[in-house]
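Contents: one structure, followed by commentary.
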Amino acid sequence: MTPNDFTVGQELFVVHTEHTGRRHTTETMTVTKIGRKWVTLGKDWKQIRFDPANRMLCDNDCGRPSQVFLSEADYSEQKRKAVMWEKFKRRSELRGAPASVSAGRLAEILSELGYGELTR
């Protein structure tokens, strides 16, 4: 994403992750300023900028990584995707390729995921 993908007044969903990675707090913040590289979010007296390229907040509290999402639904979808990906990785490491999936279909899946070089 780029700063041009946002508009002043747009509300975004922010997730602050604690050190353990298990607990998090959320809040909705409003876009207050758009620069060439950064987008600034504000809520009450707090102003924080973030880099749209990686959706990470850039604040002074380095121990608390925070990420910005377009909406709570976007956050839920990204979280669901990450959980499914981890399950897929774990299962494929333990069991290998399923017998029901042909080498051709596996090559198609790898290409879709951007790992086409692994099919050579």
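We use all heavy atoms of the structure for the numbers below, so side chains are in, but hydrogens, waters and symmetry mates are not.
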task = Would you sort out whether Thr40 and Ile48 count as a side-chain contact (heavy atoms from CB on, under 4.5 Å), showing the intermediate values?
result = CA-CA 6 Å; Thr40 303; Ile48 302 173; over 6 Å; no
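With sequence neighbours excluded, no residue forms a side-chain hydrogen bond (donor to acceptor under 3.5 Å, both in side chains) with Asp51. Residues satisfying the side-chain contact (heavy atoms from CB on, under 4.5 Å) criterion with Lys79, sequence neighbours excluded, are His24, Tyr75. In this structure, the salt bridge (charged side-chain N to carboxylate O under 4.0 Å, His left out) partners of Arg80, at least two apart in sequence or on a different chain, are Glu77. Every side-chain contact (heavy atoms from CB on, under 4.5 Å) that Thr30 has, sequence neighbours left out, goes to Glu11. Judged as a salt bridge (charged side-chain N to carboxylate O under 4.0 Å, His left out), and not counting sequence neighbours, the contacts of Asp74 are Arg55. Looking at residues two or more places apart in sequence or on another chain, you find a side-chain contact (heavy atoms from CB on, under 4.5 Å) between Pro52 and Met1, Pro3, Phe6, Val39, Phe50. In this view, Glu72 and Phe13 satisfy the side-chain contact (heavy atoms from CB on, under 4.5 Å) rule, not counting sequence neighbours. Gln47 pairs by the side-chain hydrogen bond (donor to acceptor under 3.5 Å, both in side chains) definition with Thr32, not counting sequence neighbours. Every residue two or more places apart in sequence or in another chain was checked for a ring pair (Phe, Tyr, Trp, His ring centres under 6.0 Å) with Trp38, and none qualifies. Taking the side-chain hydrogen bond (donor to acceptor under 3.5 Å, both in side chains) definition, one finds that Lys89 meets it with Glu86, sequence neighbours left out.
Using a 4.5 Å heavy-atom cutoff, the side chains of Arg49 and Leu57 are not in contact. Under the 4.5 Å side-chain criterion, counting only non-hydrogen atoms from C-beta, Lys46 is in contact with Met29. Here the side chains of Val15 and Glu27 are not in contact, with every heavy-atom distance at 4.5 Å or above.
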Check residues 102-114 and write down every donor-acceptor pair under 3.5 Å in which the side-chain atom is one partner and the other belongs to a residue at least two apart or another chain.
residue, atom, partner, partner atom, Å
Ser102, OG, Arg105, N, 3.1
Arg105, NH1, Glu108, OE1, 3.1
Ser111, OG, Ala107, O, 3.1

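Residue Leu12 comes nearest to Gln10 through the heavy atom pair CD2-NE2, 3.7 Å, listed as atom of the first residue, atom of the second, then distance.
Note on Val14: it clusters hydrophobically with Val8, by side-chain heavy-atom contacts below 4.5 Å among ILVMFWY residues. By the criterion of side-chain heavy atoms lying less than 4.5 angstrom apart, applied directly or through intervening Ile, Leu, Val, Met, Phe, Trp or Tyr residues, Phe69 is not grouped with Val31; the two fall into different hydrophobic clusters.
Listed by first and then second residue, the ring pair (Phe, Tyr, Trp, His ring centres under 6.0 Å) pairs that reach into residues 80-120 are Trp85-Phe88, sequence neighbours excluded.
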